[in-house]
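Structure, as C-alpha cells:
Both backbone and side-chain heavy atoms feed into the values below; hydrogens, waters and symmetry mates do not. Within every chain, numbering begins at 1; the chains are lettered A, B, ... in the order of the sequence lines, protein sequences first and strands thereafter.
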Amino acid sequence: VGEDEIQRERGEARMKERDRAEGKAKPARTGEEENKMSSKDTEREQTKVKANKAGKNQKEKRQEKREEKVKDPKNKREKREGERNSEEERPKENQRTKGEKEIKEEREEGDGQEGEGWGSEPKQAKKKPKERKAKDETKHPEKGRKSKEKSKEVANEGGAKKRKSKEEDDKKKSKKLKEEAEENKKKEEDSKWKWWEEEKTDDGVKWKQLEHNGPYFAPPYEPLPDDVRFYYDGKPMKLSMATEEIATFYAKMLDHEYTTKEIFQTNFFHDWRKEMTSEERKKIKHLEKCDFKEIHKYFVDRNEARKALPKEEKQKLKEEADKIQEEFGYCNLDGHREKIGNFKTEPPGLFRGRGDHPKMGMLKKRIMPEDVIINCSKDCKIPEPPLGHKWKEVRCDNTVTWLASWTENIQNSIKYIMLNPSSKLKGEKDWQKYEVARRLKGVVDKIRSQYRADWKSREMKKRQRSVALYFIDKLALRAGNEKEEGETADTVGCCSLRVEHIKLHSELDGQEHVVEFDFLGKDSIRYYNKVPVEKPVFKNLQLFMENKDPGDDLFDRLNTTVLNKHLQDLMDGLSAKVFRTYNASITLQEQLKALTNADDNVAAKLLSYNRANRAVAILCNHQRATPKTFEKSMQNLQAKIDAKKEQLEEAQVELKRAKADLKAKKDVKSKAAVEKKKKLLEKLEEQLLKLNVQATDKEENKQIALGTSKLNYLDPRISVAWCKKFGVPIEKIYNKTQREKFAWAIDMADENFEF
DNA sequence: AACCTGACTTAGTATACCCCAC
DNA sequence: GTGGGGTATACTAAGTCAGGTT
C-alpha cells in the first residue's frame, strides 16, 4: 500500500504501479501489460520479439532513408530545412491560443540569463564524525573479518562433539587463523587509508605514483584430446589448432539461445572461416553441416568433473587463484596498496551483444601483450611482459586512472584495466558525483520553472530542449546519444527518441494528455510507461510529430551535446545524467522518511528500506530477467504459507476447545491452557503475516533489480544516516563489497545527513 | 556543426560460493 | 555429505560526456 502511495505522491505513474493501484487488493502486477502479452512466456521475451519485429521495419525504413541521403544529401537536407522553417512558424499560432502569455514569455526569456549566479556552490562543511569510528577500528582491527571465521568455528565445535579427532584440525585452523589475522591486519591498515580526509586537488592529476604488474593474460588454448572430434557432413575432421579453438567457443554455447539466432550463426561462421586454413575453408562451407556435439559434451563433462573434484583439489585451485590475485590484483598508488577492478584481459570468445545486436557471434580475438598499453610511473619498476613478448607501449600519463588498455576488435573501442570501486580514485569520483547532484537540488526549482517557460518559446530548438529536459527530470530518462546504425542494437534514450516510440492520448483511463512510451533503452531493456503530462508538453509533442514518419527523430533539433551545453550553462558540472542521480537519491530520502516507522523492528525497517529502494529502481527502470528459480521458490513459499494457515486453523480450533473446557471446569489449569493457546494463535498469525509480506516482497521484486540503483544512484550517506538514526546495523543493507565501496560515506555521514 | 575518440560510469547476466535443510 | 536456493562476485557490454579534429 505504501508503495502505491509513494508513486502517487511523486505525481507520476509508472504504468505498472498504477495498475497495481487500480487492482488494489492484488499485489502482483496485473493489467494491460500482461493482457497485451497474451502468452505465458515472460514479458521480456515478448518484448524482445516485438522489438525485433519493430526493429526490422524501422531498420528498413531507416536504411532507405540513409540511401536517400547518400544519393542526394543536399536535396534531403533542403527538404528538411524547408520543413523546419514551416515548423518554426507554427509555435506562434499556438501561442495565440494560449493568450496573453506572449508578453510574459518575452520577459522570462530576457531573464533567462539570471542562471549565471546559480552555480554558486553551497559550501558544505566537511564534518568529521570520524573520531569515534577511528577509535572503534583501532580497537578491534580485525573484528569484522574474524567474526565470520568465529561463527564458523562455533558451528564446527558443535559438530566436533560427535567426532573426536578434531584436535588436529583445530590446531591447523587456529594456526591458519592467526596467519590470516596477521595478514588481515596488514591489509586493514592499508585499506584504512582515509583519503576523504585529505585535501583534494582539482588539477586533473590523478596520481603521483603508480606501480603494478600489468594485466594477467588469459591462459593459452589447450587443444582437445584426440577422442573428442568435430564432424563435418557426418565425417570426423581434424581441425588446425586455431580453427579448433574457435569451434570450441561455439560448441560451448550450443545450448544457449544465442546459437539459434541467424545473425549469430552468420557472424560466427564468417569470422570462423576467416581464421581457417585454406584447406579447411575449402571443405567447411556450411554451418549446418558442422557437428559440435561431441565437443560440447566434452566441456559439459569437464565442468561437471570440476564441480565434483575432491576438496583438496578444489582448495588447491583456489590457492592458485589467490596467488594470481595477490600478484596481479593490486597496485601501488601514491604509496597505498589499492585493489584493481579487472586485472585480467578478456579471454577470446564469441561476442555476446545484448538485444538485437548486429554483431553477435563475431569472434573476439585473443589479447596479446603486443596489444596492450601500460600506464605507470616513470621511475617505477615497469611490469614485465610475459616471456618472449613485448608491450605495445609503455606510457606515463597521470591525468588518467587506467593501468593498462587495449583496443577490442568488435567495436574498435578501448578497454581499460582500472581500480576497484573501493579505491580512492573511484571513491572520490563517486563522492563528487553526489555532490554535484546535491548542488542540483539547490537550483532544480529554478531549472524547472525555466524549462516550463521554454515550452512556449518561439524557438523550436528551445521547445524541444525543454520538453526533453522535462522527460529527463520527470521520468529519469537517459540522455540518449546518437549511435552508429548497424554497429549496435537499436536502442534509444531521451534525445534519440523517435516518433514511433511514443503515442499520444488526449484522454486515457480518465486521465488527460497521456503519453505512452514504448522503446528499448540501454541493454535493450524495454521502457514502457503511460504518463499524464502537462498540456503544453502534450501540445508540443503533437507539434514535434507533425509531418514526420515513425522512424524520424522526435527531437530533430536536439542532441545530447546541445542539451548538455545548455545544462552546463545552468549549473557548473550539470549534465543530463545528474538528474537521474538527483531524482534517485532524493526519492530514496523522501521515501525513507515517509515509510520508516521508528517503532518497527529491524526486519520491518528493512522492508521499508527495500521499498524505498524499489521505488527508485522502478523510477530508473532497472529490470532483470525473472530468476530461473523464481516460480519454484515462490511455490515453496506458498507451501509454507499454506502450512502456516493450516496450523493457524488448528490453533483456532484448539483455542475454542480450551475455552469450552474452561467454561466447564473453571479451574486455574484450564485458564492457563486458554492463555497458552491464545499466545500460540497470536504467534502464528504474526508468522503468517510475515510470510505474506515476504511473498509480496518477492513478487514485487520479480523483475526489478535493486542493485544498480543502490550501487550507482543512491547517495550512500542517505542510507548510512538512516541506519544510524534507526539503529539498523549497516551490514543489513550493505554487504562487504558495498561497505568497502562506500567506506567514505560510512565514515563521514552521521544521522543528521541530509542529501 | 558534424564527427570521432578516449575515458569513465552504469548495466544486466553468468558463475562461484556459501549456508542450510535434509 | 549433498543438493538446492539465494547471495556475492566476476565479467564485460553499453551507455554518458567532453574535448579535439575536420
Side-chain angles (χ1 to χ4, degrees), chain A residues 44 148 151-152 155 159 204 206 218 253 256 303 306-308 311 314 317-318 321 325 329 341-347 349 351-355 357 359-360 364 373 375 397 399-402 405 407-408 410-416 418-421 425-426 429-430 432-433 478-484 487-489 491-496 520-525 559-565 567-568 573-578 580-581 584 617 620-625 627-630 632-634 636-637 698 703-713 734-738 740:
Chain A
R44 295 179 90 208
K148 216 176 176 182
S151 64
K152 234 189 239 166
K206 305 286 166 57
M253 294 176 75
H256 200 290
N303 279 344
R306 210 179 36 203
K307 261 184 226 157
K311 243 187 189 168
K314 273 189 183 166
L317 285 175
K318 198 169 174 227
Q325 164 82 37
N342 56 328
F343 58 87
K344 293 174 178 170
T345 63
E346 293 173 15
F351 177 75
R352 302 152 84 121
R354 300 201 239 259
H357 197 118
K359 297 195 169 185
M360 63 168 75
K364 215 170 86 164
I373 303 174
N375 190 29
D397 182 353
T399 66
V400 296
T401 67
W402 51 270
S405 72
T407 302
E408 148 269 8
I410 303 283
Q411 322 262 12
N412 224 273
S413 65
I414 309 172
K415 298 257 179 166
Y416 302 93
M418 288 185 186
L419 295 184
N420 186 275
L425 249 25
K426 293 286 183 188
K429 203 76 191 291
D430 210 35
Q432 190 190 322
K433 171 181 81 188
R478 296 187 185 81
N481 284 311
E482 292 122 291
K483 327 191 342 184
E484 218 174 323
E487 295 291 305
T488 60
T491 63
V492 297
C494 186
C495 294
S496 48
L520 298 184
K522 183 178 180 180
D523 293 310
S524 293
I525 296 293
N559 60 41
T560 52
T561 314
V562 171
L563 180 66
N564 280 333
K565 276 212 180 102
L567 291 176
Q568 174 65 35
L574 187 62
S575 65
K577 83 187 186 84
V578 179
R580 246 166 106 83
T581 313
C620 295
N621 200 37
H622 289 142
Q623 296 191 22
R624 60 169 181 173
K628 284 191 189 87
T629 54
F630 182 84
K632 212 168 161 194
S633 67
M634 204 63 190
N636 288 347
L637 195 57
K698 200 169 191 140
Q703 290 181 296
I704 299 171
L706 299 185
T708 306
S709 49
K710 205 178 198 176
L711 238 47
N712 299 301
Y713 288 103
Y734 289 142
N735 66 32
K736 183 167 146 275
T737 320
Q738 292 163 342
E740 277 167 14

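Contact annotation for A:Lys565: no contact, since no heavy-atom pair falls under 4.0 Å across all strands. At a threshold of 4.0 angstrom between heavy atoms, the contacts of A:Tyr416 include nucleobase atoms, whether or not backbone atoms are also involved. Counting any heavy atom pair closer than 4.0 Å across all strands shown, A:Gly480 reaches sugar-phosphate atoms only and no base atom. When heavy atoms are screened at a 4.0 angstrom cut-off, A:Thr401 is found touching the sugar-phosphate backbone but no base atom. Nucleic acid contact class of A:Pro347 (heavy atoms, under 4.0 Å, all strands): sugar-phosphate only. Residue-level contact check: A:Arg478 touches the backbone only, with heavy atoms under 4.0 Å from sugar-phosphate atoms and none from bases. Residue contacts for A:Ser405: at a heavy-atom cut-off of 4.0 Å it reaches no nucleic acid atom on any strand shown. If you check every strand for non-hydrogen atoms under 4.0 Å, A:Lys307 touches nothing. In this structure, A:Lys359 reaches neither bases nor backbone, as no heavy-atom distance under 4.0 Å exists between it and the strands shown. Contact annotation for A:Asn735: backbone-only contact, meaning every heavy-atom pair under 4.0 Å involves sugar-phosphate atoms and none involves a base.
Put simply, the side chain of A:Lys522 and the base of B:dT10 share a donor and an acceptor less than 3.5 Å apart.
Close to B:dT13, at under 4.0 Å from its OP1 or OP2, lies no side-chain N or O of A:His256. Taking only side-chain nitrogens and oxygens, A:Asn564 comes nearer than 4.0 Å to OP1 or OP2 of C:dC17. Between A:Lys628 and C:dG5, a side-chain N or O to OP1/OP2 separation shorter than 4.0 Å is absent. Contact annotation: A:Lys483 side-chain N/O to C:dG15 OP1/OP2 distance is under 4.0 Å. Between A:Gln411 and C:dA13 there is no side-chain polar atom (N or O) within less than 4.0 angstrom of OP1 or OP2. The side chain of A:Lys577 places an N or O atom within less than 4.0 Å of a non-bridging phosphate oxygen (OP1 or OP2) of B:dT10.
When side chains are defined from C-beta on, A:Lys483 does not count as touching A:Ser496, because their heavy atoms never get closer than 4.5 Å. Counting heavy atoms from C-beta outward, A:Ile525 and A:Asn621 have side chains that approach closer than 4.5 Å.
Note that the CZ atom of A:Arg580 and the OG atom of A:Ser575 stand 12.0 Å from one another [nearest 0.5 Å].
Judged by distance alone, the side chains of A:Ser413 and A:Glu408 do bring a donor and an acceptor atom under 3.5 Å apart. At a cut-off of 3.5 Å, with distance as the only test, no side-chain donor of A:Thr401 or A:Lys429 sits close to an acceptor on the other residue.
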